[in-house]
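Okay, so here's the structure we're looking at.
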Amino acid sequence: MPIDLTPYLEREYEVDCDGQILKLKPVKAWVLAPKGRKGVIIGLFKCPNGKTVRKALGKTEQPVE
DNA sequence: ATAATTTG
DNA sequence: CAAATTAT
């Protein structure tokens, strides 16, 4: 069973949009981890200025396939 | 270097 | 097709 990403999608994060820190919810989130190693949860944010920003939302505890 | 994913 | 994202 993969990691549940919905809690990450519902929470807001401070992202740097054009030098301004805005609290946004990620459009999408996924696990970024090499095989057999720990990794991070990446969130994809869309700023009002049209820029796209990726930020780490958290880290994966242990390798889960 | 490696992983997934989207945008420029 | 390359950049960017972060921790191992």
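Order of the sequence lines sets the chain letters (A, B, ...), proteins ahead of strands, with each chain counted from 1.
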Exercise for the section: Heavy atoms only: give me the nearest A:K23-A:E14 pair and the separation to one decimal. Expected result: CE-OE2, 3.7 Å
Completion exercise
chain A vs DNA chain C, heavy-atom contacts under 4.0 Å, first-to-last nucleotide span, 5' to 3', is C:dA4 to C:dT8
Completion exercise
Only one of A:D16, A:L24, A:V27 passes side-chain contact (heavy atoms from CB on, under 4.5 Å) with A:F45, and that residue is A:L24
Handout entry: N or O in side chain of A:K28 less than 4.0 angstrom from B:dT6 OP1/OP2
Key = yes
Practice task
Record whether the side chain of A:R54 comes under 3.5 Å of the base of B:dT6 through a donor-acceptor pair of N or O atoms.
Solution key: yes
Practice task
Could you tell me whether A:V31 contacts a base, only the sugar-phosphate backbone, or nothing, with contacts defined as non-hydrogen atoms closer than 4.0 Å?
Solution key: sugar-phosphate
Exercise for the section: Would you indicate what A:L44 reaches in the nucleic acid, counting non-hydrogen atoms under 4.0 angstrom: base, sugar-phosphate, or nothing? Expected result: sugar-phosphate
Handout entry: Taking every non-hydrogen atom, the tightest pair across A:A33 and A:G39
Key = CB-CA, 3.5 Å
Handout entry: Cluster overlap A:L57 with A:L5, hydrophobic side-chain contacts below 4.5 Å
Key = yes
Handout entry: Joint hydrophobic cluster, A:V15 plus A:I41, side-chain heavy atoms closer than 4.5 Å
Key = yes
Practice task
Scan A:G58 against the nucleic acid and name what it touches under 4.0 Å (heavy atoms): base, sugar-phosphate only, or nothing.
Solution key: nothing
Completion exercise
From CD1 of A:I41 across to C1' of B:dT5 the rounded distance in Å is 13 Å
Exercise for the section: Remember a base hit wins even if backbone is also touched, and classify A:K35 as base, sugar-phosphate or nothing at under 4.0 Å, heavy atoms. Expected result: sugar-phosphate
Completion exercise
Here the distance between atom P of B:dT5 and atom CG of A:L5, to the nearest Å, is 10 Å
Handout entry: Distance-minimising heavy-atom pair for A:K38 and A:Q62
Key = CG-CA, 4.5 Å
Completion exercise
A:L57 CG to B:dA4 P, in whole Å, measures 17 Å
Exercise for the section: Return no unless some side-chain N or O of A:R37 is found under 4.0 Å from OP1 or OP2 of B:dA3. Expected result: yes
